[in-house]
Undergrad: 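Just dropping this structure here.
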Amino acid sequence: MLIARSAAPCRASALASPSLRARSGFQQKALIHDLVIKHKTGQPILGAGPYGGGRSSVSGHVATVFGCTGFLGRYLVNRLAQKGTQVIVPYRDEDEKRHLKLMGDLGQIVPMEWDLRNDEQIEECMRHSDVVYNLVGRNYETKNFKFQDVHVAGAAKLAMMAEALGVSRFIHVSHLNADANSPSAFLRTKAEGEEVVKKAFDGATIVKPGPLFGHEDRLLNQMATYPITWHVNHGQTRMRPVHSVDVAHALEVMMDAEVTSTGQTFSLAGPRTYTVGSMLRLVESLTFNKTLRVGINVPKFALMTAAKIGDLAWWPMISPDEVERRFHDDLPDAPGTLGFADLGIEPDILEERAIVYLRRYRSNLRFEQPVEHSGVKLKKGRYHVVD
Ligand SMILES: NC(=O)c1ccc[n+]([C@@H]2O[C@H](COP(=O)([O-])OP(=O)(O)OC[C@H]3O[C@@H](n4cnc5c(N)ncnc54)[C@H](OP(=O)(O)O)[C@@H]3O)[C@@H](O)[C@H]2O)c1
């Protein structure tokens, strides 16, 4: 099926040769692959512009990304906008959304103020969208929002309103370790959140990422700045870190990959498993900071007490719930869930990417030194745990 679209005649004649057209990305007609019919609603989504996305293309989708002002949100908004999707970016603080505005063409990034307790604002944010992402989550409780409010009641409300408004796709980001029996309230409420979302939105996609690493992460950055808080459990806690860029890519692919992802759950952990001790060794080698491995083990009660005292401060430090999580291994992929391979993505390996995020912790004398000088061996078995 071909859908005719007008094109400027001078441009068309200049690009008369098919090879020239292919190389320029210029397209005169919208083809069948530009048209997506949404399974759930039968709504047609028609793309336009350069094939395969890019600036000035239009994917035809309108997506709302709740939680876009956080770490993962910026990578997702960037990917969506790059593919020509119009992105609604709900924000609470004026300054938190400024960096997102530049990620798309003029008019493609639409900031809207919202509050998790304001139904009118939520409805306004997703009224025109065919895809809704829920990335809202908090590592710690606040005076106004407990884990239950954010991960359960908030998630249920967003899913219910998306269903009522006829949204075709609801993609909910949970956690790899979400577990109804976990000692961590964060992980218990994440598990409860998955259930309420599945009930509220027919065919919701659940995404369970492992601990994320990247520029703004709370993993490598914290290991480099506050290593003492990681010297627990004798460095034996196992982690499956995953690149934030890969998770954002997977979330973007899910928008169109209806057959594989409607009503499915994805476990998105990194390809290798590490102990916290081996990750600290990696951070030490890449930053040349010998003080990271002080060789002590902080007992749980000591870190927990410090976290409880720190919790009284108005700015977030390490919360008691985070301390609890530092003693628990990352879970294997939940049975029956899909992974990166089902979306055609090969996730990055931590040792190969970590330097990008850790170079800033080097002293100016050794800032430029190549990775090889740091003694980091990228071969299998050096840092990751071989199961
Ligand atoms: N980071 C990880 O290692 C990791 C691993 C697995 C799963 N996840 C999950 O992935 C999602 C995104 O993670 P992230 O690292 O990007 O989180 P993040 O940086 O903490 O960002 C969280 C987002 O949620 C919003 N939010 C939190 N509480 C809210 C509330 N009460 N009302 C409205 N908005 C609220 C924040 O908005 P404001 O900017 O306005 O505060 C922010 O946009 C979360 O659900 C998280 O649990 C993260």
Side-chain angles (χ1 to χ4, degrees), residues 67 70-72 136-154 174-193 208-214 216-241 269 273-284 287 289-331 350 354 357-358 361 383 385:
F71 166 34
L72 181 58
V136 176
R138 247 316 158 250
N139 245 346
Y140 49 87
E141 297 193 313
T142 62
K143 196 170 68 168
N144 294 321
F145 290 97
K146 302 295 167 207
F147 287 137
Q148 189 74 21
D149 302 323
V150 180
H151 299 150
V152 186
S174 179
H175 198 288
L176 179 70
N177 301 336
D179 176 5
N181 301 314
S182 171
S184 146
F186 171 90
L187 295 172
R188 281 199 306 276
T189 50
K190 276 286 186 186
E192 211 182 317
K208 294 159 77 76
L212 303 175
F213 68 91
E216 305 82 1
D217 71 20
R218 291 177 287 273
L219 188 64
L220 298 178
N221 284 312
Q222 278 197 2
M223 283 184 172
T225 6
Y226 308 111
I228 188 79
T229 63
W230 288 92
H231 285 277
V232 291
N233 202 17
H234 299 279
Q236 288 310 305
T237 307
R238 290 175 174 220
M239 302 192 85
R240 305 174 67 201
T273 305
Y274 306 79
T275 59
V276 166
S278 65
M279 286 178 68
L280 283 171
R281 274 204 303 282
L282 176 73
V283 176
E284 178 199 290
T287 56
N289 184 354
K290 297 285 174 219
T291 59
L292 293 184
R293 247 192 310 159
V294 283
I296 55 158
N297 183 60
V298 181
K300 187 173 178 179
F301 78 87
L303 189 59
M304 192 60 100
T305 310
K308 281 181 184 159
I309 295 168
D311 223 22
L312 300 174
W314 63 266
W315 65 94
M317 290 195 253
I318 182 172
S319 73
D321 196 87
E322 266 179 288
V323 174
E324 191 62 60
R325 278 177 264 154
R326 293 211 177 159
F327 285 81
H328 295 277
D329 294 342
D330 279 347
L331 297 177
L350 175 70
Y357 307 118
L358 289 172
Y361 293 103
Y383 287 105
V385 176

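Since we're looking at a predicted model, the values are computed, not measured.
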Undergrad: Among residues two or more places apart or on two chains, list those pairs meeting salt bridge (Lys or Arg N to Asp or Glu O under 4.0 Å) that have a residue in residues 138-151.
TA: R117-D149
Undergrad: Looking at every heavy atom in both P241 and L219, which two are closest together, and how far apart are they?
TA: CB-CD2, 3.9 Å
Undergrad: Between K208 and N177, does a side chain to side chain contact (heavy atoms under 4.5 Å, CB included) hold up when you go through it step by step?
TA: CA-CA 8 Å; K208 294 159 77 76; N177 301 336; over 6 Å; no
Undergrad: To the nearest 0.5 angstrom, please state how far the CG atom of L358 sits from the CG atom of L220.
TA: 5.0 Å
Undergrad: Please check if any side-chain donor atom of R326 sits under 3.5 Å from a side-chain acceptor atom of T229, or the reverse.
TA: yes
Undergrad: For D217 and L212, which heavy atoms make the closest approach, and how far apart are they?
TA: CB-O, 3.4 Å
Undergrad: Can a donor-acceptor pair be found, under 3.5 Å and without considering hydrogens, that links the side chain of D321 to the backbone of S184?
TA: no
Undergrad: Judged by atom type as modelled, is there a donor-acceptor pair below 3.5 Å linking the side chain of H234 to the main-chain atoms of Q236?
TA: no
Undergrad: What are the two closest heavy atoms between W230 and R218, and how far apart are they?
TA: CZ2-O, 4.0 Å
Undergrad: Compare every heavy atom of Y361 with every heavy atom of Y357, then report the nearest pair and how far apart it is.
TA: O-CE1, 3.9 Å
Undergrad: Nearest 0.5 Å please: distance from the CE atom of M223 over to the CG atom of L282.
TA: 9.0 Å
Undergrad: Side chain to side chain contact (heavy atoms under 4.5 Å, CB included) between F213 and N221: does it pass, once the steps are laid out?
TA: CA-CA 9 Å; F213 68 91; N221 284 312; over 6 Å; no
Undergrad: Kindly say whether F186 contributes a backbone atom to a donor-acceptor pair with the side chain of T189 at under 3.5 angstrom?
TA: yes
Undergrad: Drop me the distance from N233's CG to R238's CZ, to the nearest 0.5 angstrom.
TA: 11.5 Å
Undergrad: Under 3.5 Å, side chain of R240 to main-chain N/O of L331, donor-acceptor pair present?
TA: yes
Undergrad: What donor-acceptor contacts under 3.5 angstrom involve side-chain atoms of residues 305-317, with partners at least two apart or in another chain?
TA:
from: T305; atom 1: OG1; to: F301; atom 2: O; distance (Å): 2.5

Undergrad: Decide yes or no for S278 and T275: does some side-chain heavy atom of the first lie under 4.5 Å from some side-chain heavy atom of the second?
TA: yes
Undergrad: How close do H151 and G137 get, heavy atom to heavy atom, and via which atoms?
TA: NE2-CA, 3.6 Å
Undergrad: Rounded to the nearest 0.5 Å, how far does CG of L303 lie from CD of E322?
TA: 10.0 Å
Undergrad: Do the side chain of N289 and the main chain of E284 share a donor and acceptor less than 3.5 angstrom apart?
TA: no
Undergrad: Rounded to the nearest 0.5 Å, how far does CE of M279 lie from OG1 of T237?
TA: 11.0 Å
Undergrad: Kindly give the heavy-atom pair with the smallest separation between N139 and R325, and that separation in Å.
TA: OD1-NH1, 2.8 Å
Undergrad: Take M304 and E324 through the side chain to side chain contact (heavy atoms under 4.5 Å, CB included) test and state the conclusion after the steps.
TA: CA-CA 8 Å; M304 192 60 100; E324 191 62 60; 3.8 Å; yes
Undergrad: Verify the neighbour count for atom OH of Y226: are there more than 12 heavy atoms of other residues, nucleotides or ligands below 6.0 Å?
TA: no
Undergrad: Out of curiosity, E216 CD to L72 CG, how far, rounded to the nearest 0.5 Å?
TA: 10.0 Å
